[in-house]
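First listed ligand is number 1; within each ligand, the first listed atom is number 1.
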Amino acid sequence: MIRIDAFPYPYQFHPRSTALVVIDMQRDFVEEGGFGSALGNDVRPLGAIVPTVAALLALARQTQMLVVHTRESHLPDLSDCPRTKRLRGNPTLGIGDVGPMGRILVRGEPGNQILPQLTPMAGEIVIDKPGKGAFYATDLHAQLQERGITHLLVAGVTTEVCVQTSMREANDRGYECLVVEDACASYFPAFHRATLDMLTAQGGIVGWRAPLAQLQSAVTAYAGEHP
Ligand code: C5J
């Protein structure tokens, strides 16, 4: 087992039964002209974590963990987008409207793609999700069950929306989850910090948190013991 010095107490996992889940590292959220910036947000805090997420992906691949990427996206006819979701936000540039990177939050559009620096590799799972949570209206749970996955390392954007919702959904389905705290970001730094606190309060009510460096040193120690 790999043992990480995590909060609120050490987290143990085996790479064979663990998946890294990278939530919504899409141009729509991280770059100017997508959904995030259409809502009036400063996208820079999200761009700042890209190198950390890339290093986390490299670590997971080196450790031969299953890697899952998600994309928040809707069908071109928006039949999977509740009217309520469409109506909220920017009234002049919303979901399905044409922005600088194509139709906002619509599957297949340039803005809806995962950032080129974090492109999924062959054999990795890509989940298109119409909701904030990665388990809602997707087959993610079935795919993880099929592969015997019991533990999830969670990263991506935004901490308080899709990362948090996905981790809560995973927790309710029985997964042991650790959020990699510096591989997540929010447009609102205070929400990022509050979410990490909420997820891990009360003895880890939803799960654990640790920075990437803790994960890296735990994996290095494990590799030294299991050459
Ligand atoms: C949002 C997400 N914030 N991926 N989506 O609408 O967190």
Parallel, tilted or perpendicular, as decided by the 30° and 60° cut-offs, for the rings of Tyr175 and Phe135: tilted

Salt bridge flag under 4.0 Å for residues Arg209 and Glu181: yes

Atoms in ligand 1 flagged as close to Val161, the criterion being non-hydrogen separation under 4.0 Å: 1 (C), 3 (N), 7 (O)

Ligand-residue contact atoms, ligand 1 with Lys132, heavy atoms, under 4.0 Å: 1 (C), 5 (N), 6 (O)

Lys129 NZ to Glu169 CD distance, which is reported to the nearest 0.5 Å: 8.5 Å

Lys85/Glu72 ion pair, N-O < 4.0 Å: yes

Sub-4.0 Å heavy-atom approach of Phe35 to ligand 1: yes

Ligand 1 to Tyr187 polar contact by distance, N or O atoms, under 3.5 Å: no

Contact partition for Thr158 relative to ligand 1, non-hydrogen atoms under 4.0 Å: both

Asp24 neighbourhood, listing ligand 1 atoms whose heavy-atom distance to it stays under 4.0 Å: 2 (C), 4 (N)

Atom indices of ligand 1 within 4.0 angstrom of Val157 heavy atoms, with elements: 2 (C), 4 (N), 7 (O)

Closest approach of Met101 to Glu32 (non-hydrogen atoms, all atoms of both residues): CE-O, 3.6 Å

Closest to atom 5 (N) of ligand 1 among Glu72, Arg71, Gln164 (heavy-atom distance): Glu72

Heavy-atom closest pair, residues Val106 and Gly96: CG2-CA, 3.8 Å

Thr18 and Leu66, any side-chain heavy atoms less than 4.5 Å apart: no

For Cys162, atoms of ligand 1 separated by under 4.0 Å from a heavy atom: 2 (C), 4 (N), 5 (N), 7 (O)

